[in-house]
Amino acid sequence: MREQQPSRSLILTIDDDHMIGLMLHDVLDREGFEVLSVANGRDGIDIINARRPELVLLDVLMPEMDGFECLQRIRKIPGMELLPIVMLTGADDTDSINRSFELGATDFIVKPIHWPTLPHRLRYFLRASSALSELAKSEADLRTAQKIARLGSWDWAVEEDKMEWSDEVFNVLDVAPDEFDGQCRDLYKRLVNADAEKLLQAIGRCAKNKQNFHLECQIRHANGSDNVLLVHGEPIVVGNDVTRIHGTIQDITERRRIEEQIRFLSYYDPLTHLPNRKLFKMILGQAMAYSNLNNAEMSALFISVDRVKRVIETLGPSVGDQIVKLFADRLIAKVQECAYVPVNVGYDVSHDYDINQMLVSRVGGDEFVILVSNIKDTSDSIKIAKGVFQIIEQPFSIEEHEIFLGMSIGIAVYPGDGVDEDGFIKNGKVAMSHAREQGQNDYQFFRKSLNVAAFHKLSMENNLQRAIERDELLLFYHAIVNMRTNTVIGCEALIRWQHPELGLVPPSQFIPIAEESGLINYISHWVLESACTQMRQWQQQGLPLQVISINVSSTQFRKDTFADEVSQILARLNLAPGHLKLELTESILLDGIKDVLGTVKQLRALGVQISIDDFGTGYSSLSYLKKLPITELKIDRSFIRDVHLNDDDKAITQAILGLAKSLSLDVVAEGVDHQEQVAFLLQQGCEFAQGFLYSKPLPAAEFAKFVLGFGR
């Protein structure tokens, strides 16, 4: 590969003396320069525009356009302000030399030219020009950087009281250059009075004590707006005296705005502008210290807003945000109405908190806390809780939707319910969870027994995970009997957990834990597949069963792929869909009926039967019964237990049976334990029942023996 030769510097000579032009070209070419020669100024200007030479040798005396005019025109070409231009003139022509410098010439060379030294002089001009260009570029870069950073520099000569500054100082202080007198007092012109005095004192101390200073000042513009400036000063000491102070002045308004925004986002919820979890914990620590010092009690109400997640899933995050904001507004307004103590809510730059105030915080997506300091007794917290429940009595109207929310409140009291912030918060949330388990719109105080229950719950969750891995789950089967023919027509599959230490654990104790932990998806699929497999085995054994019923969880049913999952299991096992009945609760059907309707129709299209479990205990409605293609109603045992004794239960049961008959639905009565119940139900036209009168739930092998021996 051929070595690349260094580029040669381009020199333009403008001289009407043909012999001088030839000599310049010959000498400079031999010295490694690239040379272009022209005989007049106009051609020279054209070459400069086209080739941009690095140096020009220009004769003073030329026809048409002399060297002076040519020099002036070259300097007006953009980018040619620093081009080295060396004038060629006679040795005794002092006037021409002076005029050349006035018009911007770099230097001059007298004629006759001393040829041996000429190349050296030109190289010197080129080096000087390069250094000057780099300096100009650095200064331009510095000016640009200062402009971007809104940073100006200043220098004050102390004895002379002479002030110099960069151009950006004028922009930062919002003054015109002609408003400056070049004295120290010019720095104070735009500052507010108090800050002007502070800066004057800081500069005085700097000069006296030889110490740097940093000072934030406020500047007031002519339009009335305020900016924040950072002024820095550094003494320059000569001998034992400060002769000058060099400093900078920077507009940091935007920086302060960003810092304040970051500070806000660190301590406050951006949607509601309420203190977030971090700030709440800090204030809680202060409140605890205050309580300890003053032997006072305080409490915190931990609030969980129910159904927010469902709103987000159904209507989108934008509506969810609006719901949370409206709830927060109502909560703040209600707390402000409370005739207890003044209230401190909203954004406070100083983060100061009056310990004798209530504080509302948003500590999670759908969780809020009200911190109540210096309470008299627990009744204060109860009064506030009851008042808070009032804010959800009316629906939240958003985008033509009317949305009702529920709420659960856990109350923790200090001292007593925690020794530090983390423990107190944990116990408050335990109380909140306990309130949620009691049903919507309930409040509960923390008790140590709740903490024990929480640990038990966590232990159960861990054990349940291992139960799945160890195959400890099993199914029991509860017979469904035709009371008129006294035959077993099917069964309901019921899950049990064979715990190695606790024995047989009923579903009421572990299904809620499975739902909270996310294990319900696996368990639900296991129940569906295991029950269908058992039904197919019984058919192959010749057991006379028409249908097997399986309870479906809301989590399982709301999966988009649920109908496909059922279809695939039935196809794989070669089980006719008509032998499968899925039991749904009314709450599943009513919570988003549009989505539910599609899944129910898919299942009915397969041939799967659909039953409404515990009918009459929820939100029974003719409207959803007409919309949904269900096949069966199961009357809840609470109505059947005393149906032969209680007139109200008789009336309710008769109404359900009448409704089912009008809609051509089958009916199964749960909890049939006595012959008197059978007699009443048969009299009212109900033929199918489950209950201990016939059998308790049994393991698969025992259930098969029961069926074969039933009625004999």
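This is a predicted model, so every value here is computed, not measured.
In this view, Lys559 and Glu565 satisfy the salt bridge (charged side-chain N to carboxylate O under 4.0 Å, His left out) rule, not counting sequence neighbours. By the side chain to side chain contact (heavy atoms under 4.5 Å, CB included) test, Gln546 pairs with Ile489, sequence neighbours left out. Residues passing the salt bridge (charged side-chain N to carboxylate O under 4.0 Å, His left out) test with Glu687, sequence neighbours excluded: Arg484. Remark: Tyr477 pairs with Trp538 by the ring pair (Phe, Tyr, Trp, His ring centres under 6.0 Å) rule, at least two apart or across chains. Take Glu676 and apply the salt bridge (charged side-chain N to carboxylate O under 4.0 Å, His left out) test, not counting sequence neighbours, and it matches no residue. Remark: Lys661 engages no residue in a salt bridge (charged side-chain N to carboxylate O under 4.0 Å, His left out) (not counting sequence neighbours). With sequence neighbours left out, Asp366 forms a side-chain hydrogen bond (donor to acceptor under 3.5 Å, both in side chains) with no residue at all. Taking the ring pair (Phe, Tyr, Trp, His ring centres under 6.0 Å) definition, one finds that His499 meets it with Trp497, sequence neighbours left out. In this structure, the side chain to side chain contact (heavy atoms under 4.5 Å, CB included) partners of Gln540, at least two apart in sequence or on a different chain, are Arg536.
Expressed to the nearest 0.5 Å, how far CZ of Phe445 lies from CD1 of Ile409 amounts to 10.5 Å. Interatomic distance, Leu371 CG to Ser299 OG, rounded to the nearest 0.5 Å: 7.5 Å. Atoms OG and CG, on Ser381 and Leu301 in that order, are 5.5 Å from each other to the nearest 0.5 Å. The CD1 atom of Ile612 lies 4.0 Å from the CD1 atom of Ile630; values are rounded to the nearest 0.5 Å. Here CD of Gln534 is found 11.5 Å from CG of Leu573. Values are rounded to the nearest 0.5 Å. Atom CD of Gln541 and atom CG of Leu708 lie 9.0 Å apart (nearest 0.5 Å).
Contact annotation: the side chain of Glu515 approaches that of Ile511 to within less than 4.5 Å [non-hydrogen atoms, C-beta and beyond]. Side-chain contact between Ile640 and Phe680 is absent, with no heavy-atom pair separated by less than 4.5 Å. Looking only at side-chain heavy atoms (C-beta outward), Thr272 and Val360 stay at 4.5 Å or farther from each other. The closest side-chain heavy-atom distance from Ile403 to Leu315 is below 4.5 Å. Looking at heavy atoms from C-beta onward, Pro415 lies in side-chain contact with Glu297 at the 4.5 angstrom threshold. Between Lys334 and Gln390 there is a side-chain heavy-atom pair separated by less than 4.5 Å. Annotation: side chain of Leu681 is not in contact with side chain of Val667 (no heavy-atom distance under 4.5 Å). Residues His434 and Phe446 fail the side-chain proximity criterion, which asks for heavy atoms closer than 4.5 Å.
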Side-chain donor-acceptor distances from residues 688-699 under 3.5 Å, at least two apart:
| residue | atom | partner | partner atom | Å |
| --- | --- | --- | --- | --- |
| Gln690 | OE1 | Lys634 | NZ | 2.6 |
| Gln690 | NE2 | His478 | ND1 | 3.4 |
| Gln690 | NE2 | Glu492 | OE1 | 3.0 |

Side chains of residues 316-327: which donor-acceptor pairs under 3.5 Å do they make with residues two or more places apart or in other chains?
| residue | atom | partner | partner atom | Å |
| --- | --- | --- | --- | --- |
| Gln322 | NE2 | Glu399 | OE2 | 3.3 |
| Lys325 | NZ | Asp329 | OD1 | 2.9 |
| Lys325 | NZ | Asp329 | OD2 | 3.2 |

Donor-acceptor contacts under 3.5 Å from residues 642-655 side chains, at least two apart:
| residue | atom | partner | partner atom | Å |
| --- | --- | --- | --- | --- |
| Asn646 | OD1 | Asp648 | N | 2.8 |
| Asn646 | OD1 | Asp649 | N | 3.0 |
| Thr653 | OG1 | Asp649 | O | 2.8 |

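When all heavy atoms of Phe396 and Ile391 are compared, the pair lying nearest together is CZ-O, 3.9 Å. The minimum heavy-atom distance linking Gln498 with Leu474 is given by the pair CB-CD2, 3.8 Å. Across all their heavy atoms, Ile550 and Cys532 have their closest contact at CD1-SG, 4.3 Å. Of all non-hydrogen atoms in Arg496 and Pro506, the two that sit nearest each other are CD-CA, 4.3 Å. The two residues Val608 and Leu580 make their nearest non-hydrogen contact at CG1-O, 3.5 Å. The heavy-atom pair separating Leu475 from Ala531 by the smallest distance is CD1-N, 3.7 Å.
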- Message: Before you tell me yes or no, could you show the steps for Phe476 and Leu504 under side-chain contact (heavy atoms from CB on, under 4.5 Å), namely the whole-Å CA-CA distance, both residues' side-chain angles and the distance that decides it to 0.1 Å?
- Response: CA-CA 11 Å; Phe476 275 36; Leu504 207 60; 3.7 Å; yes
- Task: List the steps and the verdict of side-chain contact (heavy atoms from CB on, under 4.5 Å) for Val527 and Asn551.
- Result: CA-CA 9 Å; Val527 170; Asn551 293 285; over 6 Å; no
- Query: After noting the C-alpha distance and the side-chain angles of Phe557 and Leu582, does the key distance pass the side-chain contact (heavy atoms from CB on, under 4.5 Å) rule?
  - Reply: CA-CA 10 Å; Phe557 187 77; Leu582 299 177; 5.8 Å; no
- Query: side-chain contact (heavy atoms from CB on, under 4.5 Å) between Asn441 and Met407: does it pass, once the steps are laid out?
  - Reply: CA-CA 5 Å; Asn441 304 336; Met407 193 191 311; 4.0 Å; yes
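Taking the six-membered ring where the residue is Trp, Phe706 and Phe703 present tilted rings, their angle falling between 30° and 60°.
Not one N or O on the side chain of Arg604 forms a donor-acceptor pair closer than 3.5 Å with the backbone of Ile610. Between the side chain of Ser553 and the backbone N or O of Gln556 there is at least one donor-acceptor pair closer than 3.5 Å. A donor-acceptor contact shorter than 3.5 Å is absent between the side chain of Arg307 and the backbone of Lys309. A donor-acceptor contact shorter than 3.5 Å is absent between the side chain of Ser567 and the backbone of Ala563.
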